[in-house]
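Comments concern the structure below.
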2 protein chains.
Amino acid sequence: MSTYYCQSMSEKLTRILNAATTCIARSGVRGMRVNDVAAEAGVSPGLLYYHFTDRAGLLAATLEHINKQVSKDDAVLSSLGAEDRSRHVRHLLLDEIKDDADVRRNSVAWNELRACSIFEQELAEPLSRTTAEWNIEIAHAIVAASEGTSEDEASVTAEILTSLVEGISGRWLSGFITTDHARHLLTTAIDSLTTTRPTTRQEPAAQGRGK
Amino acid sequence: MSTYYCQSMSEKLTRILNAATTCIARSGVRGMRVNDVAAEAGVSPGLLYYHFTDRAGLLAATLEHINKQVSKDDAVLSSLGAEDRSRHVRHLLLDEIKDDADVRRNSVAWNELRACSIFEQELAEPLSRTTAEWNIEIAHAIVAASEGTSEDEASVTAEILTSLVEGISGRWLSGFITTDHARHLLTTAIDSLTTTRPTTRQEPAAQGRGK
DNA sequence: CGTACTTGACTGAAAATTCAGTCAGGATTA
DNA sequence: TAATCCTGACTGAATTTTCAGTCAAGTACG
């Protein structure tokens, strides 16, 4: 019902994009069947070709849609106390792994897209952009949390942590480890990697990593 | 010539399994075409169905084959000096990411299998077994390298590191980061995670940790 | 009326799977 | 020894299945 075509996005469009995301989460990018998406969205297959010219178009639109979902979680980091800032990094990362249908759905889709991008480089570009943004976000949070950390160091740490989230997510999603265990591993790693980064005492004979 | 069926594995069987691995590395599990595997192996499509009942059977056998390839890299850790032991962990992990056709091929195939196991749980079981073995191997190496580390701690660290390898591999394989950068990230993380963690040993009030 | 939107049966190409048949070489018999 | 039968790995053309993509025919709204 209703027709706001030009305006934002008709309800059916949204339904289709959500259906596609669900299908991708259910059986992967390569397992996504156009007919299944149509059925899931409760529309006819032809409609998908009317709006998105072909399967690739639907996929591209869905990718963008997922990207938007994922990156809209950007949080406001200003107006946080020192204690909170330290916890900010942790929350930002831990939020990617929890027992929440939407989080899991997006995570599966994201995981799939990354796996597919190895074989189809047209997927790689938007993906790498979003990944880079994520890294920057985390790096900022790290700098904000501990003042002794340089931008470069924070950047490397952020890359490590976001990669780790993806690695742990893989095992979590395939049911090899529980949500709690995944979060435990992540927490441990965050603690270890974000404290005493540079030449802070600790081992005396530390190799001079300060760069 | 000759018929050693019972013995080890006929040459054609091996050829088929290797061909399948190559095809998977080239275009993914879902992109693997039975006819392409046959062509790659230089046999007829029918032979694949003669040996493995169907596509799924071929896939399962190939998974096992890849698993074997991957886990046969188990190294001997005895007879290493203290210095070498410390380096052992590093090598064990860094060997997963390097500019070598075979390493990359196996890595791509492994990555694919992990991604697919999210959707097809029959793939998950052998995969999780191999992953567990890998964790144990790394955990042993960690314990051997630093005596103050408990089994439990080493186990957690190993899980973090192997997850990290998988996460970094994903970005490396899709061309988002270079081999050198991937190795740099991994090295940094290993150093940070394997140098005496404060928590257990009662280091004299060394915990300047924010928390 | 016309324009935007929607349908679902249909098409064709690509891929999986089948199957009737070939062939090499090992056993059995005389 | 040789003639015969058997077995089972192997072939590749034929068949079946699966899907992305098309299209003629609506519906609803202005």
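Convention: sequence-line order gives letters A, B, ...; per-chain numbering from 1. Note: hydrogens, waters and symmetry copies are ignored here, and every other heavy atom, side chains too, is used. Computed from a prediction, not measured in an experiment: that's the story for all the values here.
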Would you please confirm or rule out a distance under 4.0 Å between OP1 or OP2 of [N] and any side-chain N or O of [X]?
X	N	value
A/K12	C/dT6	yes
B/H51	D/dC10	yes
B/Y49	C/dT18	no
A/Y50	C/dT6	no

I want to check something: taking the side chain as every heavy atom from C-beta on, are [X] and [Y] in contact at a cut-off of under 4.5 Å?
X	Y	result
B/E96	B/I168	no
B/L127	A/F176	no
B/I16	B/V37	yes
B/S163	A/L164	yes

Checklist entry - Going from CG on B/L185 to CG on B/D180, what distance comes out if it is rounded to the nearest 0.5 angstrom? => result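 Output value for this atom pair is 11.0 Å.
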Next on the checklist: With rounding to the nearest 0.5 angstrom, report the CZ to CE distance, B/R30 to A/M32.
Outcome noted: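 The CE atom of A/M32 is 11.5 Å from CZ of B/R30, to the nearest 0.5 Å.
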Item to check | Proximal nucleotide (of D/dG12, C/dG8, C/dA16) relative to the A/S44 side chain | outcome: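 Given the options D/dG12, C/dG8, C/dA16, the side chain of A/S44 is closest to C/dG8.
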Checklist entry - Which residues in residues 30-41 of chain A have at least one heavy atom lying under 4.0 Å from any atom of DNA chain D? => result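 By residue number: A/M32, A/R33, A/V34.
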Item to check | Of residues 52-64 of chain B, the positions that come close to DNA chain D - non-hydrogen atoms, cut-off under 4.0 Å | outcome: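 By residue number: none to list.
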Item to check | Gap between atoms CG and P, on B/L47 and D/dG8 respectively (whole Å) | outcome: 15 Å
Checklist entry - Taking the six-membered ring of A/W172, is the NZ or CZ of A/R183 close enough (under 6.0 Å from the centre) and on axis enough (within 45°)? => result no
Item to check | A/R90 (side chain) donor-acceptor with A/T187 (main chain) under 3.5 angstrom | outcome: no
